[in-house]
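Notes follow the structure.
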Amino acid sequence: MTSSPPPPPRRTAAPGGAPPLRRVPATPTATYRLQLQPEFTFANAERTVGYLASLGVSHLHLSPVLEAAPGSTHGYDVTRHDLVRPDLGGEEGLRALSATAATHGLGLIADVVPNHMAVPSPAAPGDPLWDVLAHGRAAHHARWFDIDWDAGDGRVLLPVLGAPVGEELERLTVTDGELRQGGHLRLPLREGTAGLPPDRLLEAQHYRLAWWRLARTELNYRRFFTVNDLIALRVEDPEVFEATHGTMLRLVAEGVLHGLRVDHPDGLADPAGYFRRLAARSGGGWTVAEKILGHGEHLPPDWEVAGTTGYDAMRHIDGVLTDPEGHAALTGHYRAWTGAPPDLGGDWPATVRRAVHRVVTHDLAAEVSRLVRAAVRVCATAPGGRLRDQAPWALRTAVTEVLAGLPVYRPYVPAGGPPTPADEALLAGAAEAARKAFAVPEEAAAVTTVRELALGRLGGGADADDFRVRFAQVSSALRAKAVEDLAFYRYTPLLSACEVGGEPGSPALAPATFHAFCARIQGDWPSTGTVLSTHDTKRSADVRAVLLALAEHPDGWAGVLPRLAEQSAAAGGRAPDPQLAWSVWQNALGLGPPDQERLLGATLKGAREAALHTTWTEPDPAYELALEEFVKAGPCGAAVGTLTEFRRSLGAQTRAVSLAQTLLQLTMPGVPDLYQGTEVRYRALVDPDNRRPARFPVEELRTLDERAGPGSVADLDADPGSDADSDSDSDSDADLEKLRLTTTALRLRRDHPRWFGPEGGYLPLLARGAQADQCLAFVRGGEVVTAVTRLSRRVTEAGGWGDTALRLPAGTWVDLIGGGRFGDAGDALTVSGEAGVAAEQPVPLAELFATAPVALLVRETPAVRGNPA
């Protein structure tokens with residue numbers, strides 16, 4: 001559902017350069033992500049400024065703004081770094097947006113894409129890659145790209161043809177001194193070759209025009225993951241850094257932009273060095289890195305950033321709201337229903353191992369070959385011949401197995417410096433596992449060679465340096481593709497756990513783990529980002545909320561599935577396989593009202609990513625037709641009523657999860673980033689579904705502001721037992737409730753930044769009583785208490801909260817959500833000696849959560865007594 005943005009806001013800056021209504025803070029209090037595309041330009045964004053300022057954010061977060069491939073809906077396929085994207089409104093449009101935002105006290109954060117740019121199709125004169133294709137390794141821009149020229153006999157492989165070159169030859173033409181094919185291929189010709197016969201002409205170029213299927217094994221340029229259309233950049237080269245970042249840094253220096261979000265730094269040769277250079281050139285402005293942290297992994301301390309973009313926070317929010325017992329039962333039902341073999345979706349560790357080996361030996365074969373070539377050269381030239389007689393096959397096996405054994409994205413071994421203890425342990429563990437692949441122990445010496453090369457301890461020559469750097473880069477691509485783009489689509493007991501940065505095998509986290517994470521973030525990275533939904537999440541937070549509620553009803557799900565399958569089959573839509581059916585039913589459950597096009601798109605993408613019966617490169621038409629018929633007949637047909645009925649039965653738990661997700665993100669340590677439209681219910685599946693133009697609830701916010709005051713949430717008829725997450729788009733109670741919670745918390749952050757910033761601190765609060773574990777609470781800044789219900793079905797089954805109470809700090813507290821007042825007037829926050837818990841007076845949770853399953857309490861002062869909203 002989409003709607004037009006609100007009318008343009010009136011500019012409030014007075015003539016003569018009077019200051020804006022609010023000063024743009026150096027560190028955001030909250031950011032709001034806008035997904036720019038030709039359908040939503042800078043001008044459209046400018047028309048949202050008044051609304052977003054009223055919502056309570058401090059900065060707009062823009063997707064990439066530089067020139068991208070024609071029609072791009074995401075902007076990560078950059079084609080020019082010296083040009084703000086014309087189809088968004090160009091630099092003039094960006095400056096107008098910044099000026100309007102400034103009059104409302106809002107700054108701009110922009111996405112930076114340092115790792116890669118598009119392989120343009122068609123290319124155009126002036127593109128850096130055009131220069132390389134025209135002039136080869138002697139081109140001025142050749143240093144921009146990570147091309148292994150020797151592997152291609154001095155040419156770069158260009159795998160852009162739809163069929164083998166012999167079949168495409170007659171469709172290639174020379175026009176105006178360029179090589180063309182229809183309207184989609186346009187390439188430069190090497191000087192003096194335009195008049196050659198077709199076959200000789202192709203051989204004479206600095207590029208080898210080839211069938212796209214050759215990329216897997218023959219590609220000789222580094223790319224983004226396994227995407228041939230995105231060629232990697234060498235921003236470790238100072239000249240390349242300046243050329244690719246000059247425009248963005250100029251906009252920062254001129255105050256048009258106020259901060260940066262860095263895309264995929266794990267693809268860079270030296271992330272720490274990159275961030276040092278970026279901080280120096282940008283003046284040290286607020287910058288976050290899109291770093292996916294594995295289990296137990298911490299952000300490298302030498303990265304000069306404010307923190308991550310927030311997937312680690314999302315993991316902890318969803319994790320603490322996941323029922324561990326329910327997830328275990330659901331997993332049992334999943335295995336019984338699907339019959340999936342352990343390594344093809346039945347068991348998480350086994351599924352990951354098989355997925356990793358598939359990707360490293362198949363999808364990344366060209367990248368592994370480059371590493372092996374470098375290792376062979378190092379062994380051949382090592383002093384004293386001590387590394388000779390290591391066979392290429394043994395080195396290939398060792399490279400493959402050591403890569404496969406890494407449990408996180410990559411190591412970060414610096415050039416010329418010793419590896420960190422963390423990287424030492426990481427490579428040692430991977431090497432130990434890799435030795436098992438060798439039947440002859442002596443041949444396993446290749447594993448030691450690969451480990452030492454990856455740790456940078458076999459000299460500093462060009463080949464050794466190349467191996468160290470490329471090994472880490474290949475590792476990051478492997479983890480992303482094998483785990484998040486393969487295993488996540490194969491192992492699917494609970495789809496909410498199959499999310500960026502997630503741990504599908506063990507998604508549930510205890511409250512103590514959540515508190516420990518928040519305390520660490522507050523101490524080490526207090527201005528890091530936090531997210532719930534992004535342009536990359538496979539399911540939005542509101543879809544995941546339904547699925548997290550499902551984890552509290554595992555037996556109900558097992559009971560309803562046979563009925564859904566029967567109804568679908570009776571309508572002519574039998575699922576092509578039970579594993580697919582399990583995922584489709586969960587996606588349909590989370591999405592809500594059936595939308596055939598969107599559900600079918602996500603289902604087809606999921607099936608191809610899983611690569612069990614059909615793939616992107618080898619699609620199975622019969623399987624995909626059966627998939628389509630199943631989706632139409634079942635989830636979007638005969639089974640809609642049953643699915644809707646079951647979703648309604650989850651209403652109370654869904655509401656509790658959704659509000660808890662929202663309030664935790666908005667008040668925990670870090671800077672919350674809201675994805676467009678998520679201030680109300682926002683149900684989206686994997687891209688491109690989650691990149692549709694957003695609905696901005698302007699009228700709803702106006703309605704709430706008219707009702708402002710304590711207790712107004714009670715007027716929304718959304719009591720804890722009702723279906724506040726109904727399927728009716730006309731039923732706006734859930735939208736209004738979520739919007740009110742969001743804007744109340746955002747305005748509180750904006751008006752009291754010290755409570756939530758580095759000085760704010762973080763203290764857990766403990767409840768006492770039989771249902772104590774179902775309350776998660778903490779104090780920020782000594783003045784704000786967040787309390788949420790987790791695993792609410794347990795409370796319901798126990799007959800309510802009973803005598804369970806939350807011990808609040810001394811003082812009188814007003815709930816900005818429900819309007820209640822709790823506690824007695826007292827002194828400032830005191831901390832008891834019990835585990836650092838601030839606690840003075842018990843408040844029954846039955847009273848605290850009487851109106852809503854969450855509470856946002858502020859110590860009462862004259863400023864908030866009259867109107868806390």
Side-chain angles (χ1 to χ4, degrees), residues 216-217 222-223 225-226 266-267 292-297 341-376 390-413 419 422-441 443-455 467-491 503-505 609-612:
R216 185 177 66 81
T217 56
R222 188 168 59 86
R223 54 189 166 166
F225 296 161
T226 58
D266 271 337
I292 313 301
L293 294 168
H295 178 67
E297 184 185 16
D343 61 347
L344 291 175
D347 175 75
W348 175 243
T351 297
V352 170
R353 283 194 296 271
R354 179 156 181 167
V356 167
H357 275 91
R358 172 191 166 90
V359 172
V360 76
T361 59
H362 186 271
D363 303 75
L364 295 174
E367 284 79 0
V368 169
S369 292
R370 177 171 178 174
L371 288 172
V372 172
R373 290 193 299 270
V376 167
Q390 295 197 29
W393 74 262
L395 289 169
R396 176 177 288 276
T397 301
V399 167
T400 298
E401 295 298 328
V402 174
L403 282 170
L406 295 175
V408 296
Y409 260 56
R410 57 167 282 177
Y412 298 98
V413 180
D423 284 339
E424 286 264 17
L426 182 69
L427 269 299
E432 187 64 28
R435 294 180 192 281
K436 299 174 183 178
F438 290 87
V440 179
E443 291 177 335
V447 172
T448 301
T449 298
V450 168
R451 183 196 66 196
E452 295 300 285
L453 278 170
L455 289 170
F467 186 97
R468 174 184 55 80
V469 170
R470 307 306 165 219
F471 180 89
Q473 291 170 323
V474 174
S475 174
S476 70
L478 172 60
R479 189 74 187 172
K481 293 304 298 180
V483 179
E484 294 173 12
D485 286 344
L486 185 57
F488 276 17
Y489 285 101
R490 290 182 171 182
Y491 182 84
E503 289 287 334
E609 292 287 358
L612 294 172

| Less than 4.5 Å apart, any side-chain heavy atom of Arg396 and any of Ser369? | yes
>> For Leu453 and Phe471: C-alpha separation, side-chain torsions, deciding distance, then whether side-chain contact (heavy atoms from CB on, under 4.5 Å) applies.
In response: CA-CA 9 Å; Leu453 278 170; Phe471 180 89; over 6 Å; no
What one should report as the nearest heavy-atom pair of Tyr491 and Gly345 is CD1-O, 3.1 Å
Over 12 non-hydrogen atoms of neighbours within 6.0 angstrom of NE2 in His295
no
Student check: side-chain heavy atoms of Thr449 and Gln390 closer than 4.5 Å
yes
### Message
Before you tell me yes or no, could you show the steps for Tyr412 and Asp266 under side-chain contact (heavy atoms from CB on, under 4.5 Å), namely the whole-Å CA-CA distance, both residues' side-chain angles and the distance that decides it to 0.1 Å?
### Response
CA-CA 9 Å; Tyr412 298 98; Asp266 271 337; 2.3 Å; yes
Rounded to the nearest 0.5 angstrom, the CG-CZ distance for Leu427 and Arg451 is 8.0 Å
Rounded to the nearest 0.5 Å, the CZ atom of Arg410 sits from the CG atom of Asp423 at a distance of 9.0 Å
Between Val408 and Gly294 the two heavy atoms that sit nearest each other are CG1-CA, 4.2 Å
_Could you check whether Thr448 and Arg435, counting side-chain N and O atoms only, form a donor-acceptor pair closer than 3.5 Å?_
yes
Any donor and acceptor pair, going by atom type alone, linking the side chain of Arg468 with main-chain N or O of Val413 inside 3.5 Å? yes
- Message: Checking Val450 against Phe467 for the side-chain contact (heavy atoms from CB on, under 4.5 Å) test, could you report, in this order, the C-alpha distance in whole Å, the side-chain angles of both residues, the deciding distance, and whether it holds?
- Response: CA-CA 9 Å; Val450 168; Phe467 186 97; 4.0 Å; yes
So side chain to side chain donor-acceptor pair (under 3.5 Å) across residues 350-359, not counting sequence neighbours, yields Asp343-Arg354, His357-Glu401
State whether the side chain of Thr217 and the backbone N or O of Ala366 hold a donor-acceptor pair below 3.5 Å, judged by distance alone. no
Could you walk me through whether Arg222 and Glu367 pass the side-chain contact (heavy atoms from CB on, under 4.5 Å) test, one step at a time? CA-CA 8 Å; Arg222 188 168 59 86; Glu367 284 79 0; 5.9 Å; no
Distance col, row Glu503:CD vs Trp348:CH2, nearest 0.5 angstrom, shows 7.0 Å
Check: If we only count heavy atoms from C-beta on, is the Leu403 to Leu371 side-chain gap below 4.5 Å?
Finding: yes
Rounded to the nearest 0.5 angstrom, the CG-CG distance for Leu486 and Leu612 is 7.5 Å
Q: Answer yes or no: is there a side-chain heavy-atom contact under 4.5 Å between Ile292 and Glu484?
A: yes
- prompt: Under a 4.5 Å cut-off applied to non-hydrogen side-chain atoms, are Arg479 and Leu406 in contact?
  reply: no
Looking only at heavy atoms, the pair that brings Thr361 and Thr400 closest together is CG2-CG2, 3.8 Å
